[in-house]
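What follows is a short report on a single structure.
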Amino acid sequence: NSLPLKKNILLLTNMNTNKVIILIVGCGLLLGAIFYMLNAPFLLFDKSEGIYGSYVQLVGAFIGGCLVIYGLFVNNKRVEEQIRQNNLMEKTLISNRFKDASTLLGSNSKASMLAGIYALNQIALESYNENKQKEYVKVVHDIFIELIRENSIKASFDRKIINTLLNLVFEKEENIYGEYSSDLHGSNLCDFSFSGLSLRNVSFENCIIENVSFEGMNISNISFEYTTLINCRFSKSNLHQINFAHSKFINSSLEMAKVNATKFNDCTFALCNFSNIIISDSIFENSSMDTTDWSKANMNKISFNGGKIKSCKYDNSIMYKCSFIGSVVCRKTSFWEAQITNCIFQQTKLVNCGFNTAVIKCTTFEDAKLNEIDYDEANMEEINFDGANLNYNTFDHSYLKNISFRGTKIIMSQFTDTDLHMAYFEGTECTDVTFARSKFTDISFENSILKQVDFKNTRLSKYSLNIIPQLDCKVYN
């Protein structure tokens, strides 16, 4: 039914206006005559002397109404045609502007390139705001991203042009490109600040990023995988589900950042600053970390398993359910005054490290190799050293409660002036160890082997010394 109607409307549209008017008037008069022959005047009006005049007026009004409707129809079609012509002209104009702007991008002149970039951005803005030809927004976005990727790796290319493109693509106030994926893989970005911009749907994989600031930003679901970051700053930023796997951090900072569910596995860190960071549910597995500052950090469920950590500072940090399984921690790495709870150092190799004045609770060093470790003045409760090797360890002036050294080898170590409560050395081999001036409460050395062990001025209470005989021990007082 709609198809014949559309054909009739099209026919009326294409007919000459005068002909249509004549047709409407003729049809109106014809209908009036037909209804007159059918006694319509007598049916419509009361019988009186003016009945025919009233009928003629009615027919005239009908014809006039039809002409008015046709006039509105014709006017509407003219308006539609004018709009169509305007749109066509506007499309042609935008196409020409786009062509001219794109031509400028190929210029060797910095000013011309910048003019082309801003011209394309203006076209995208107009298309986005006026909701017309929005395909230009994506086209311009893709051009900008490709320009960044292609030219950022060229040493001779003007860095200001790259930074201008970055500012436009990630502009925060009117981010028209945010819904499109910005793949910057392989780019070389430097001397730029993303602070105040909006990072969404972006990938920095396999990039070189140098002297770039991400300070104070909210960043989530972004990948920096296989990227080198030199002198980069994420200070005071909120990072959520970021992938930094296989990346290199050199002299970079996450100071006072808040980090959650982020991957740092297989990374390399050198001269970095993580101080005062709040970080949770993140992994640093198999990563190498050198001279990195974690002081006053708050760490919750962090995995350093299989890592290599040297000359790092965890001083005054809070560590909860952190894991160092199979890691190597060495070269004066310090945990001074740290609060370590429910952490795992199982099968870890620690060399020349300090836990001085730390508070360590519910933590295991099972089967670890501990060389030159200082626990001086530490407060340790519910600690498991079972099966570990302790060489040149010092626990001087420390408080140890509910500590298990079962099956442990302790060599050249000191427990001077130490309080040991519920400490179990069962099956332990102690060689050149001193417990001088220590206080023992509920201590067991059953089936242990003691060689050259010094108990001078030690106070024993509730102890079991079922020591294998014929060993050289010095027991005083």
query: Does a donor on one side chain sit under 3.5 Å from an acceptor on the other, for Asn447 and Glu426?
result: no

query: Does the side chain of Ser295 pick up a donor-acceptor pair with the side chain of Asp293 at under 3.5 Å?
result: yes

- prompt: Taking the side chain from Ser187 and the backbone from Ser152, do they hold a donor-acceptor pair closer than 3.5 Å?
  reply: no

- prompt: Parallel, tilted or perpendicular for Phe274 and Trp294, by the 30°/60° rule?
  reply: parallel

query: Could you give the distance from CZ (Phe355) to OG1 (Thr333), rounded to the nearest 0.5 Å?
result: 9.0 Å

query: Is there a ring pair (Phe, Tyr, Trp, His ring centres under 6.0 Å) between Phe244 and Phe234 once you walk through the steps?
result: CA-CA 13 Å; Phe244 288 104; Phe234 293 86; 5.7 Å; yes

message: With a 4.0 Å cut-off on N to O distance, would you call Glu366 and Arg406 a salt bridge?
response: no

message: Taking ring-ring contact (aromatic ring centres under 6.0 Å, His included) as the definition, give me every residue that meets it alongside Tyr399, ordered by chain and number, with sequence neighbours left out.
response: His421

- prompt: Are Arg437 and Asp417 within salt-bridge range, i.e. N to O under 4.0 Å?
  reply: yes

message: Using side-chain heavy atoms (C-beta onward) and a distance below 4.5 Å, is Glu171 in contact with Leu168?
response: no

query: Any salt bridge (charged side-chain N to carboxylate O under 4.0 Å, His left out) pairs touching residues 195-219, not counting sequence neighbours?
result: Glu215-Arg233

- request: Look at the rings of Phe224 and Phe214 and say which category their plane angle falls in: under 30° parallel, 30 to 60° tilted, over 60° perpendicular.
  value: perpendicular

task: Taking the side chain as every heavy atom from C-beta outward, state whether Ile383 and Phe365 have any atom pair closer than 4.5 Å.
output: yes

- prompt: Which is it for Phe98 and Tyr136 under the ring pair (Phe, Tyr, Trp, His ring centres under 6.0 Å) test, yes or no, and what are the steps along the way?
  reply: CA-CA 9 Å; Phe98 184 86; Tyr136 276 107; 5.3 Å; yes

query: Between the side chain of Asn393 and the main-chain N/O of Asn391, is any donor-acceptor distance below 3.5 Å?
result: yes

task: Would you check, one step at a time, whether the test ring pair (Phe, Tyr, Trp, His ring centres under 6.0 Å) holds for Tyr177 with Phe170?
output: CA-CA 7 Å; Tyr177 306 112; Phe170 301 109; 9.1 Å; no

- prompt: Taking only residues two or more places apart in sequence, or in another chain, which ones meet Phe192 in a ring-ring contact (aromatic ring centres under 6.0 Å, His included)?
  reply: Phe194

